[in-house]
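First up is the structure itself, then whatever we jot down about it.
Every value quoted in this text rests on a predicted model; they were computed, and no experiment measured them. Nothing fancy with the numbering, it's 1 onward along the sequence.
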Amino acid sequence: PPQPPPGGGGQARSAGSTAGGDGSVGGGGGDKEAGGLVLVWSLRNPQYPERVIETAAGALSVGFSLRIPNLIAVGLQDGNVALYNLKSSTPGVPFADSFTMPDKPMEPVWQVSWVDKGPDRGEALMSISSDGRVSEWSINKGLACKDLMLLRRSKGESGAIARQSAGLTFDFPLGDRNTYFAGTEDGSIHKCSCSYTEQSLDVLAGHAGPVLKVTSSPFGAGLLSCSADWTVKLWDSTGGTGGSSKCAGTFRSGDLTTTVLDVAWCPLSGSVFALAAADGRVEIWDLEKSTLDPSLTFHGEPATGGSDDDLMGLDDYDGPPLIGQTSLLFADHKPLLLVGDQAGRVRVYKLSGLNLDHGDSGGDVDFEVQAAKLDAALGR
């Protein structure tokens, strides 16, 4: 199993993996012409997916419905969105799609997410695309789309006219159904309101490359972002006493010189997050222990093949390039981390030694304790 670097505070043991062949696992893969795949897996059978859905264009993003978990939405590389019912007798055929809609996005849809709008409004499907559109979808009377925001670049020093900014990722802060943050290709993060579509409420500047993921903490106002500039940043999304969102920290290992493709908060701790990088590494950071170095680093196999057992740590490895790690997902109630890579595989790791005692024992997480850890990381 992959080992922590010298001085690391935790361990990750591979508990299984799934192989997607030439396609992809979860969502992704393919292109506009060749199509793509969405594979739905169960940990009871990691050898073969429960459902295989072929899409007309490359599948870039997948979102499960919050209230009806057998419904999934898929964002496609050609700008379309398709909805599938996994309990249907024909689960590979969408029951609703945007293929013939005139007002759909025209560029790749990088993220689709279902957002709980409360007991009166139910849940809404939202998407973000390369044409700068943040869109809300309704399925009450067939699939319908309306734009919540057209993301635009801020005026530069030369006074150039603002133009659209490609949207790549978005998320809503804890307990807020109206405000969201959207990461863009130009490195900025826009704070937006569903009620005000004319312009952003605030722009968080700091990244020097495309922002590939923004994610809000399950314990409060912490917002993480990762970028092609090799860094992860922590933001106070409420703005604190100043009113404007501020950067509370920048995190990068000294030997990391590649794109950070994904970042995820751990739902069992207010101070722990994971990042996945294009050089094949996964890092687990615990901000309560250190803001300079990760507590645990592990990585996948070389691009030329091999085994995790041969790789003891990045500092000791001098072999062929490693397969990039592209996506992360923590289990909600257990110390498990799912990691997807560029070869179409998903691995499941069991984490230990990271102060995730509630998850190890199966008890409930103490929200106030974890919120206090997050506040300390934010410098409150």
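- Using modelled atom types, one side-chain atom of Q370 and one backbone atom of G270 make a donor-acceptor pair closer than 3.5 Å.
- Between L43 and P46, the closest heavy-atom pair is O-CD, 3.8 Å.
- With hydrogens and angles ignored, the 3.5 Å screen pairs no side-chain donor or acceptor of K104 with any backbone N or O of C145.
- Ion pairing of D255 with R281 is present here, as a side-chain N (NZ or NE/NH1/NH2) and a carboxylate O approach within less than 4.0 Å.
- One hydrophobic cluster holds both F251 and L337 under the rule that ILVMFWY side chains link at heavy-atom gaps under 4.5 Å.
- Between V214 and L223, some side-chain heavy-atom pair lies under the 4.5 Å cut-off.
- Minimum interatomic distance between I284 and A274 (heavy atoms only, all atoms of both residues): CD1-CB, 3.5 Å.
- Contact annotation: the side chain of K191 never approaches that of I189 to less than 4.5 Å [non-hydrogen atoms, C-beta and beyond].
- Checking side-chain atoms of S130 against main-chain N and O of E107 turns up no donor-acceptor pair under 3.5 Å.
- Considering all non-hydrogen atoms of both residues, S188 and V203 come closest at CB-CG1, 3.8 Å.
- Heavy atoms of other residues, nucleotides or ligands lying less than 6.0 angstrom from CH2 of W110 number 12 at most.
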Stepwise salt bridge (charged side-chain N to carboxylate O under 4.0 Å, His left out) test for D171 and K213: CA-CA 9 Å; D171 199 15; K213 181 68 173 289; over 6 Å; no
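- Counting only distance, with no hydrogens or angles, the side chain of R177 and the backbone of D116 share a donor-acceptor pair below 3.5 Å.
- Residue D131 holds its CG atom at 11.5 Å from OG of S165, rounded to the nearest 0.5 Å.
- The cluster map of Ile, Leu, Val, Met, Phe, Trp and Tyr, joined by side-chain heavy atoms under 4.5 Å apart, puts F273 and L204 in different clusters.
- Remark: side-chain polar atoms of S290 are paired, donor with acceptor, to backbone N or O of L292 under 3.5 angstrom.
- Heavy-atom contacts from other residues, nucleotides or ligands closer than 6.0 Å to CD of E50 number more than 12.
- For the pair P173 and F181, the minimum side-chain heavy-atom distance is below 4.5 Å.
- Looking only at side-chain heavy atoms (C-beta outward), L174 and F219 stay at 4.5 Å or farther from each other.
- The hydrophobic cluster around W114 extends to L66, I68, L71, V81, L83, F95, M101, V109, V112, L125, W137, I139, L143, counting ILVMFWY residues whose side-chain heavy atoms fall within less than 4.5 Å of a member.
- Summarising the hydrophobic clusters (Ile, Leu, Val, Met, Phe, Trp, Tyr; side-chain heavy atoms under 4.5 Å, direct or chained), the residues clustered with Y180 are V115, M126, I128, V134, L148, M149, L151, F170, F172.
- Using a 4.5 Å cut-off between side-chain heavy atoms of Ile, Leu, Val, Met, Phe, Trp and Tyr, with links allowed through other members, F367 and V365 fall into the same hydrophobic cluster.
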Worked verdict on K146 versus D103 for salt bridge (charged side-chain N to carboxylate O under 4.0 Å, His left out): CA-CA 8 Å; K146 70 173 182 178; D103 56 347; over 6 Å; no
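- The main-chain N or O of A221 is found under 3.5 Å from a side-chain atom of S237 such that the two form a donor-acceptor pair.
- Judged by distance alone, the side chain of S88 and the main-chain N or O of T90 form a donor-acceptor pair under 3.5 Å.
- S113 places a side-chain heavy atom less than 4.5 Å from the side chain of Q111.
- Put simply, the side chain of D279 reaches to within 4.5 Å of the side chain of L256, judged on heavy atoms.
- Using a distance-only test at 3.5 Å, with no hydrogens or angles considered, no donor-acceptor pair links the side chain of E54 to the main chain of V52.
- In this view, T231 and H207, D229, K233, T250, R252 satisfy the side chain to side chain contact (heavy atoms under 4.5 Å, CB included) rule, not counting sequence neighbours.
- Looking at every heavy atom in both residues, P49 comes nearest to L39 through CB-CB, 4.1 Å.
- Between H299 and G280 the shortest heavy-atom distance is CB-O, 2.8 Å.
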Stepwise side-chain hydrogen bond (donor to acceptor under 3.5 Å, both in side chains) test for N80 and D97: CA-CA 7 Å; N80 279 301; D97 58 61; over 6 Å; no
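- A heavy-atom distance below 4.5 Å is found between the side chains of S225 and W235.
- In the hydrophobic clustering of this structure, L224 groups with L378; members are Ile, Leu, Val, Met, Phe, Trp, Tyr whose side-chain heavy atoms approach within less than 4.5 Å, directly or through other members.
- Under the 4.0 Å criterion applied to side-chain N and carboxylate O atoms, R67 and E123 are not assigned as salt-bridge partners.
- Checking side-chain atoms of D341 against main-chain N and O of G344 turns up a donor-acceptor pair under 3.5 Å.
- Atom CZ of residue R51 and atom NZ of residue K87 lie 10.0 Å apart, to the nearest 0.5 angstrom.
- In the hydrophobic clustering of ILVMFWY residues, with side-chain heavy atoms under 4.5 Å counting as a link, V211 and L168 come out apart.
- Taking 4.5 Å as the limit, some side-chain heavy atom of W285 sits within range of a side-chain heavy atom of L275.
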